Amino acid sequence: MNPIDELKEVAQEVSICTRCELYHSRKNAVPGEGPASAKIMFIGEGPGFHENEMGRPFVGAAGKFLEELLATINLKRSEVFITNVVKCRPPGNRDPLPDELSACSSYLERQIQAINPRVIVTLGRFSMARFLPNVRISDVHGQSFQIRGRLVVPMFHPAAALHQASLKPAVERDFSRLPELIAKATEAPEIKDAAVEEKKEPKQLSLF
Ligand code: URA
Ligand code: SF4
């Protein structure tokens, strides 16, 4: 299936998904949005109040901050793909549970395969843990990791920086380094067969 159709198919499946308990409390599922040709993908935690109302990712206060951060590096949100590790809102914005994360995981995997982004920016602990299971965000934020042929850059969640002002300079600094990382990742040869590679080496990480 071509990437645009695959993203539509994922969004359609997510909208009626009952694979985990989160479907009970959702108003709208939030599959994510952005162009299938995006070179960079941002992955947050899960929909909050406003996202659940609108069915779109990062449309509340954290989203506004994310857009401001993107603007500082001359990117518009319409140029990047934005999604979450769980597509339905956890009640009261609680953390997603392990069985919810694993139930939802194949949708994100299909989005990554369809888009084949050169750079993935994880926002917060839960999306970081998907790629870097045994690290602490305070140790690795802003660093880049070559994982299964892509550059993964873990960052603090923008909402964390809004709640804890001391994190804001780190978030801004991490963002300011992104253009350089994107340029480097775009120069590297394209991964043609990431799907096959990821199936063969599901756990392999190379960190540098
Ligand atoms: N926080 C997230 O992690 N995701 C959203 O979509 C909005 C806020
Ligand atoms: Fe399905 Fe994911 Fe929503 Fe759970 S969070 S119901 S797995 S789309």
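Just so you know, ligand 1 is whichever comes first in the structure, and atom 1 is the first atom listed for that ligand. Since the structure is predicted, the reported quantities are computational estimates derived from the model, not experimental observations.
No salt bridge links E51 with R89; every basic N to acidic carboxylate O contact stays at or beyond 4.0 Å.
Listing protein N, O or S atoms at distances below 2.8 Å from atom 3 (Fe) of ligand 2, with waters left out, gives C88 SG.
Close approach of ligand 1 to G44 (heavy-atom distance below 4.0 Å) involves ligand atoms 3 (O). Against a heavy-atom cut-off of under 4.0 Å, E45 is close to the following atoms of ligand 1: 2 (C), 3 (O). Each of the following atoms of ligand 1 lies closer than 4.0 Å to a heavy atom of P57: 6 (O). Counting atoms of ligand 1 from 1 in the listed order, those under 4.0 Å from a heavy atom of H157 are 1 (N), 2 (C), 3 (O).
Only the side chain of E51 comes within contact range of ligand 1, with a heavy atom under 4.0 Å; no backbone atom does.
If you check which protein heavy atom lies closest to atom 4 (N) of ligand 1, you get N84 OD1, 2.7 Å.
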message: Would V135 and F145 count as a side-chain contact (heavy atoms from CB on, under 4.5 Å) here? Give the steps.
response: CA-CA 12 Å; V135 300; F145 298 85; 5.6 Å; no
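A donor-acceptor contact closer than 3.5 angstrom is absent between the side chains of N28 and R56.
In this structure, M1 and K8 have side chains that are not in contact, with every pair of non-hydrogen atoms separated by 4.5 Å or more. Side chains of T83 and L108 form a contact here, defined as non-hydrogen atoms less than 4.5 Å apart. You'll find the side chain of R77 stays beyond 4.5 Å of the side chain of L66, heavy atoms only.
Taking each of A160, G46, A159 in turn, the one with a heavy atom nearest to atom 5 (C) of ligand 1 proves to be G46.
Linking ILVMFWY residues whenever their side-chain heavy atoms come closer than 4.5 Å, directly or via other members, leaves I82 and V30 in distinct clusters.
Aromatic ring centres of F58 and H157 lie closer together than 6.0 Å.
Nearest heavy-atom pair, T122 versus S127, reported as atom, atom and distance to 0.1 Å: CB-OG, 3.3 Å.
Residue contacts with ligand 1: A62 is placed with no nitrogen or oxygen under 3.5 Å of a nitrogen or oxygen of the ligand (distance criterion only).
The cationic group of R19 lies under 6.0 Å from the six-membered ring centre of Y107 and within 45° of the ring axis, placing it in a cation-pi geometry.
Heavy atoms of R56 come nearer than 4.0 angstrom to ligand 1 in no pair at all.
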